[in-house]
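One structure below.
Proteins come first, then strands; the chains are lettered A, B, ... in the order of their sequence lines, and each starts at number 1.
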There are 2 protein chains.
Amino acid sequence: MAVPDGPGIRELELFRDMTDEHFVTLMRGAYVQNFPPQIELITEGEPSDFLHIVLSGAVDLFAGWNGRETSMATVRPISTFILAATIRDAPYLMSARTLEKSRIALIPSEDVRAIFAADSAFARAIVAELAQCYRSVIKAQKDIKLRTSLERLANFLLRQQKRASGGAEFDLPFEKRRLASVLGMTPENLSRAFKGLQPYGIEVDGTRIRIRDQALLERFAKPSPLIDDHAS
Amino acid sequence: MAVPDGPGIRELELFRDMTDEHFVTLMRGAYVQNFPPQIELITEGEPSDFLHIVLSGAVDLFAGWNGRETSMATVRPISTFILAATIRDAPYLMSARTLEKSRIALIPSEDVRAIFAADSAFARAIVAELAQCYRSVIKAQKDIKLRTSLERLANFLLRQQKRASGGAEFDLPFEKRRLASVLGMTPENLSRAFKGLQPYGIEVDGTRIRIRDQALLERFAKPSPLIDDHAS
DNA sequence: GGCGACTCTTGATATTTATCAATCACGTGA
DNA sequence: TCACGTGATTGATAAATATCAAGAGTCGCC
């Protein structure tokens with residue numbers, strides 16, 4: 001029930017430039033909660049009552065249809081999720097579950113919409129964030145429509161490598177079966193895809209990845225900033 | 001070169017609530033142009049100098065990688081495209097080309113960003129539009145990750161039917177090869193997919209579609225508002 | 001009317017991906 | 001320590017999808 005004034009939130013791009021007064025108002029109705037792993041935080045189809053912010057841990061956004069399920073994205077600290085549903089006051093399009101023990105801030109959607117109308121700096125930040133999210137999904141869409149699973153994996157590894165300081169070795173950020181789902185394939189196929197990348201210098205040991213020949217992998221993966229740059 | 005004060009733009013949700021003064025300012029730098037079919041309006045990777053608005057005709061948004069190409073969406077009057085790139089002042093993630101003879105309004109991105117900062121009603125409208133766009137892409141992503149090509153086609157037909165007044169017969173809104181690309185398959189496979197839907201009461205005659213048994217098709221397609229409702 | 005360019009369709013085949021079943025590896029807790 | 005559960009891997013097979021190569025229809029145009 002503590003007000004989430006701890007490290008992080010205020011420094012989020014989304015809240016950085018709004019007035020103190022509005023920030024306090026927003027936080028008054030908010031609360032922070034700790035969740036164990038594998039807890040379903042929201043369910044697709046439900047009304048969006050809260051804007052969620054991951055303070056620590058990790059959250060998986062996923063969606064289902066007709067008995068199938070697919071992982072759409074992983075949210076890591078410190079960022080928000082389901083902003084769009086909150087803004088439009090529309091039902092969630094995705095479900096969310098904790099991957100690890102996580103600390104989540106919840107801000108009533110109503111308050112977000114109210115302050116959004118009153119604080120133009122906040123409004124601007126929301127627009128920037130939404131535009132960013134939109135572009136991320138477009139990139140994911142291009143990834144899946146233009147590339148084979150092997151190419152998707154190769155490019156994922158390059159992106160992950162960059163995120164993990166750029167060295168030749170790094171760890172996968174989550175379980176392989178979730179990676180498979182994110183990349184739009186089955187766990188069995190992911191195993192085979194890793195083998196398929198051996199000729200391009202990929203070594204796998206459990207969750208540890210080693211890129212033996214950076215140039216060779218890049219020649220195969222052909223990463224493009226218009227798909228793989230998460231920043232722009 | 002005429003100022004685009006004709007029917008439509010001002011009534012767009014995006015511009016409806018902004019002040020007259022700001023609207024006029026925005027339109028001062030804008031211009032309207034007619035394009036023949038198959039003209040490439042923008043190219044992915046280029047800086048986003050203009051917000052585009054389709055006044056009449058139709059525009060295809062597509063993306064390419066490594067010699068492949070895929071159709072991402074079709075923009076029909078009256079709506080904008082590449083709003084996100086304009087807002088973030090980032091390069092286009094998609095290219096755009098006219099499908100038919102089209103009338104397009106172009107508003108300098110700089111002006112959009114300036115007025116956006118000054119007019120809170122405009123800012124709010126942009127947020128609503130962006131959130132809408134984001135949700136649309138999420139739905140498209142779910143469509144492609146959770147469904148087979150046959151299911152995607154079946155649901156596309158149901159969506160198209162609804163858009164075309166809901167009768168048992170309607171026309172495809174564009175060429176089959178583009179439809180194939182939108183649905184993430186090859187033209188050959190689309191042909192076969194249409195045949196595969198015959199047992200579910202689909203009849204195809206050129207661009208004309210007939211749904212002989214609505215309930216049967218829906219039982220197969222299992223449309224979901226969380227994927228197929230374009231409105232919410 | 002008939003040529004040419006184009007899309008669409010069809011068939012044969014290859015590739016990619018999924019499914020099913022079994023085994024392996026690893027960590028946890030009794 | 002050893003069973004147990006879980007995720008990862010592997011192999012065999014099936015299904016989905018793509019590719020290649022014709023052919024058939026369509027449309028505009030001379």
Side-chain angles (χ1 to χ4, degrees), chain A residues 36-38 60 62 64-71 97 99-101 143-157 171-199 202-209 220, chain B residues 36-38 60 65-71 97 99-101 143-157 171-200 202-209 220-221:
Chain A
Q38 307 301 333
D60 182 42
F62 64 100
W65 177 79
N66 194 28
R68 296 164 217 168
E69 193 179 299
T70 189
S71 209
R97 77 162 71 90
L99 290 174
E100 330 160 355
K101 185 168 171 306
D143 189 49
I144 209 165
K145 287 188 77 177
L146 289 167
R147 289 171 170 164
T148 67
S149 61
L150 206 60
E151 291 164 342
R152 290 200 296 279
L153 175 58
N155 280 291
F156 172 85
L157 292 178
D171 282 300
L172 294 176
F174 37 68
E175 289 174 299
K176 285 183 186 169
R177 76 204 201 99
R178 184 176 336 285
L179 175 57
S181 185
V182 167
L183 295 178
M185 52 178 136
T186 57
E188 294 96 324
N189 259 333
L190 178 61
S191 265
R192 291 173 187 123
F194 272 122
K195 286 203 158 177
L197 287 181
Q198 273 176 13
I202 294 297
E203 267 177 29
V204 185
D205 178 29
T207 174
R208 192 100 186 133
I209 305 294
F220 170 73
Chain B
Q38 306 300 332
D60 182 42
W65 178 77
N66 195 25
R68 294 164 218 167
E69 194 178 299
T70 189
S71 210
R97 75 163 75 87
L99 290 174
E100 329 161 354
K101 187 170 169 302
D143 189 49
I144 209 165
K145 286 189 79 177
L146 289 167
R147 289 170 169 164
T148 66
S149 60
L150 206 60
E151 292 164 342
R152 290 200 296 279
L153 175 58
N155 281 290
F156 172 86
L157 292 178
D171 281 299
L172 294 175
F174 36 69
E175 289 174 299
K176 285 181 186 168
R177 76 203 203 98
R178 185 176 335 286
L179 175 56
S181 185
V182 168
L183 294 177
M185 53 177 137
T186 58
E188 293 97 323
N189 259 336
L190 178 60
S191 263
R192 294 177 185 117
F194 272 122
K195 286 203 159 177
L197 287 182
Q198 273 176 14
Y200 301 101
I202 294 297
E203 268 177 29
V204 185
D205 179 28
T207 174
R208 192 100 187 136
I209 305 294
F220 170 73

Gap between atoms [atom1] and [atom2], on [X] and [N] respectively (whole Å):
{"X": "B/L190", "N": "D/dT17", "atom1": "CG", "atom2": "C1'", "answer": "13 Å"}
{"X": "B/R68", "N": "D/dA18", "atom1": "CZ", "atom2": "C1'", "answer": "11 Å"}
{"X": "B/L183", "N": "D/dT17", "atom1": "CG", "atom2": "P", "answer": "11 Å"}
{"X": "A/N189", "N": "D/dA14", "atom1": "CG", "atom2": "C1'", "answer": "13 Å"}
{"X": "B/M185", "N": "D/dA18", "atom1": "CE", "atom2": "C1'", "answer": "13 Å"}
{"X": "A/R178", "N": "D/dG7", "atom1": "CZ", "atom2": "P", "answer": "10 Å"}

Contact boundaries of DNA chain C with chain A (under 4.0 Å, heavy atoms), 5' to 3'?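 Endpoints of the contacted stretch of DNA chain C: C/dT17 to C/dC20.
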For B/G196, report the nucleic acid contact type (base, sugar-phosphate, nothing); a contact means any heavy atom under 4.0 Å.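 No contact at all - B/G196 keeps every heavy atom at 4.0 Å or more from the nucleic acid.
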Quick one: does [X]'s side chain have a donor or acceptor within less than 3.5 Å of a partner on [Y]'s backbone?
{"X": "B/K176", "Y": "B/G206", "answer": "yes"}
{"X": "A/R68", "Y": "B/L146", "answer": "yes"}
{"X": "B/N189", "Y": "B/M185", "answer": "no"}

Respond yes when some side-chain nitrogen or oxygen of A/S191 is under 4.0 Å from OP1 or OP2 of D/dA8, and no when none is. no
Taking the basic N atoms (NZ, or NE/NH1/NH2) and the acidic carboxylate oxygens, is any pair closer than 4.0 Å for B/E69 and B/R97? yes
Can you say whether the rings of B/Y200 and B/F220 are parallel (under 30°), tilted (30 to 60°) or perpendicular (over 60°)?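 Ring orientation, 0 to 90° scale: parallel.
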Using a cut-off of strictly less than 4.0 Å between a heavy atom of the residue and any atom of DNA chain D, enumerate the qualifying residues of residues 147-156 of chain B by number. B/T148, B/S149
Just the table, please: protein N/O against nucleotides 20-29 of chain D N/O, every pair under 3.5 Å.
unit_1 : atom_1 : unit_2 : atom_2 : d
D/dC20 : N4     : B/E188 : OE2    : 3.1

